[in-house]
Amino acid sequence: MSEHTTCAIVGGGPAGMVLGLLLARAGVEVTVLEKHGDFLRDFRGDTVHPSTLQLLDELGLGGRFADLPHSEVREIAFPFPDGSRVVIGDLRRLKVAHPYIAMVPQWDLLTLLAEAGAEESSFTLRMRAEVTELVREGGRVRGVRYRTEDGELHDLRADLTVACDGRWSIARAQAELEPKELPVPIDTWWFRLPRRPGDDPGALTPVVRSRRFVLVIPREGFLQLAYFGRKGSDAQLRERGVEWFRREIAATVPWLADRVGELASMDDVKHLDVRLNRLNRWHVDGLLCIGDAAHAMSPIGGVGINLAVQDAVAAATLLAEPLRRGAVGADVLAGVRRRRLVPTIAVQTLQQVLHRAVLKPIIDGERQGPPKPIVALLSAIPAASFVPAYLIGVGLRPEHAPEFARRSPIRS
């Protein structure tokens, strides 16, 4: 069975859904293909930063987002064993409409975007539609082949295909675009524990003790935690078992000792193989890669989802008119990479520095926190916490909704 659309988007994550919504508002016929039947997956990027919150306002969706259950993180603070603390990033210093990071389940954000897209006549979202390969003709990508839940194969012809299917992108692999891998010394293990009334709801807290590094993230109704360890140690960690892991967390974050028993088994602990990479070229004829398909990010700073959204906004801004004309040349596709390359490299460089200067020395037992000069600077000049807050919360070259996509506030 063959179908046609102007723009086929592979993957219904943040980049794919934002791109689909914006292009549909430009009057471009767009079809988003998502292989799962819903958006319900744990431990995806759940941070919505000030730049993305501003975008939602511009799209008229700020009110709908505010109605979603969420918590607000206003500072990133580093506590020390003696009870003192240093604020690494104070988002309250930002001169923005939303000086905080909103913590919201990604499935709620994606559902909001899907509902907004459904209001546009040129927007189609196909769930349980797994892309299996690219369709090529004359050396050009002409769309994709996808499998539905009943096993039937469909061809979706498209003037342009955009790969938004993450760090293990099928579309990217089919196009033989190979990312350059950057060295990463760490992996992350995600899990959740109950949140108590006395827990600080507004601070994202890294905790360090005896070669252990745990990040505590306050969420609506629970705590999300990240345990950082050496790259490639997942098998060893799982062999030690859940009792060992409970003791490890309780020793690192003593105030969680009364609830680590909630971890029933190591099945409750999800391993993330941390990758840091980027494509040298984001396109081939008829195909563009954005978001994690173009550049996988470390979880440090939680910026991956927001960079992906910024890619989508830039892509929609540059692609809408050429797609309406039916002529998207290589120069236009290359322009998306040119526009987003500096912010991508800047964030990845910062993450590499943090890996080498902060996380690895802690895990290796060489240090119990950030480098002393950084701590001294932030302690002596608290206003300096504006810089990390800006880089994490807003970033270089924040993208704004193009005029064709802007709407007055829409309530749910």
| Between CG on residue L319 and OG1 on residue T6, distance to nearest 0.5 Å | 12.0 Å
| request: Answer yes or no: is there a side-chain heavy-atom contact under 4.5 Å between P388 and I76? | output: no
| task | Give the C-alpha distance, both sets of side-chain angles, the deciding distance and a yes or no for side chain to side chain contact (heavy atoms under 4.5 Å, CB included) between V87 and L378. | result | CA-CA 7 Å; V87 176; L378 292 170; over 6 Å; no
| query | For E239, does the CD atom have more than 12 heavy-atom neighbours from other residues, nucleotides or ligands under 6.0 Å away? | reply | no
| message | Could you check whether any side-chain N or O of E58 sits under 3.5 Å from a backbone N or O of A401, counting only pairs where one atom can act as donor and the other as acceptor? | response | yes
| R337 (side chain) donor-acceptor with N280 (main chain) under 3.5 angstrom | yes
| Counting distance only, does the side-chain N/O of R340 pair as donor-acceptor with the main-chain N or O of R397 below 3.5 Å? | yes
| query | With distance as the sole test, does R167 use its side chain to make a donor-acceptor pair with the main-chain N or O of M297 at under 3.5 Å? | reply | yes
| Using 4.0 Å as the upper bound for N to carboxylate O, is an ion pair formed by E399 and R339? | yes
| If we only count heavy atoms from C-beta on, is the W282 to L333 side-chain gap below 4.5 Å? | no
| Donor-acceptor contact present, side-chain Q224 to main-chain I217, <3.5 Å | no
| query | In terms of side-chain geometry, is the basic nitrogen of E137 or R157 positioned less than 4.0 Å from the acidic oxygen of its partner? | reply | yes
| field | Straight-line distance of E34 CD to R126 CZ, nearest 0.5 Å | value | 14.0 Å
| Heavy-atom donor-acceptor pair, R25 side chain to E120 backbone, under 3.5 Å | no
| message | If you apply the rule side chain to side chain contact (heavy atoms under 4.5 Å, CB included), what do you find for R230 with R211, and how did you get there? | response | CA-CA 11 Å; R230 287 189 181 89; R211 300 191 177 193; 4.2 Å; yes
| said: If you count every heavy atom of other residues, nucleotides or ligands that lies below 6.0 Å from E181 atom CD, does the total exceed 12? | reply: yes
| Considering the options L288, V10, T5, which one meets the side-chain contact (heavy atoms from CB on, under 4.5 Å) requirement together with T161? | V10
| request: Heavy atoms only: give me the nearest P371-V358 pair and the separation to one decimal. | output: CD-CG2, 4.0 Å
| Short side-chain to backbone donor-acceptor contact, S71 and P218, under 3.5 Å | yes
| Can you name the closest pair of heavy atoms from H283 and A334 and give their distance? | CE1-CB, 3.8 Å
| field | Contact check, side chains of D311 and H295, non-hydrogen atoms, under 4.5 Å | value | yes
| query | Got I101 and I392 here, is their nearest side-chain heavy-atom distance under 4.5 Å? | reply | yes
| message | What I'd like to find out is whether the side chain of F228 reaches to under 4.5 Å of the side chain of P206, using heavy atoms alone. | response | no
| field | Where V30 and I9 come nearest, the two heavy atoms and their spacing | value | CG2-CD1, 3.4 Å
| remark: Interatomic distance, SG@C7 vs CG@L19, rounded to 0.5 Å, equals 5.5 Å
| message | With rounding to the nearest 0.5 angstrom, report the CZ to CE distance, F123 to M17. | response | 4.0 Å
| remark: CG (L109) and OG1 (T52) are apart, to the nearest 0.5 Å, by 8.5 Å
| said: Among V253, V242, L193, which residue satisfies the side-chain contact (heavy atoms from CB on, under 4.5 Å) criterion with V260? | reply: L193
| task | Indicate whether any N or O donor in one side chain lies under 3.5 Å from an N or O acceptor in the other, for H70 and D108. | result | no
| field | Exercise: identify the closest heavy-atom pair between P402 and L22 | value | CD-CD2, 4.0 Å
| Does a side-chain heavy-atom distance below 4.5 Å link L112 with L68? | yes
| task | Would you name the heavy atoms of R324 and V28 that are closest together and state the gap between them? | result | CG-CG2, 3.9 Å
| So, the side chain of H98 versus the backbone of Q54: is there a donor-acceptor pair under 3.5 Å, distance only? | no
| message | Applying side chain to side chain contact (heavy atoms under 4.5 Å, CB included) to V336 and I290, what does each step give before you reach the verdict? | response | CA-CA 9 Å; V336 177; I290 64 172; 4.3 Å; yes
| What's the verdict on salt bridge (charged side-chain N to carboxylate O under 4.0 Å, His left out) for K231 and D273, showing C-alpha distance, side-chain angles and the deciding distance? | CA-CA 8 Å; K231 167 67 71 177; D273 178 12; 2.7 Å; yes
| Under 3.5 Å, side chain of R74 to main-chain N/O of R92, donor-acceptor pair present? | no
| Can you find a pair of side-chain heavy atoms, one from N277 and one from L182, that are under 4.5 Å apart? | no
| request: Give a yes or no answer on whether the side chain of D165 reaches the backbone of G11 with a donor-acceptor pair at less than 3.5 Å. | output: no
| request: Can you see which heavy atom on L59 is nearest to which on A405, and at what distance? | output: CD2-O, 3.5 Å
| H271 side chain reached by L237 side chain, heavy atoms, under 4.5 Å | no
| task | Evaluate side chain to side chain contact (heavy atoms under 4.5 Å, CB included) for F191 paired with E262, printing each intermediate quantity in order. | result | CA-CA 10 Å; F191 59 101; E262 296 292 329; over 6 Å; no
| task | Give, for atom CD1 of I300 and atom CD of Q351, the distance between the pair rounded to the nearest 0.5 Å. | result | 7.0 Å
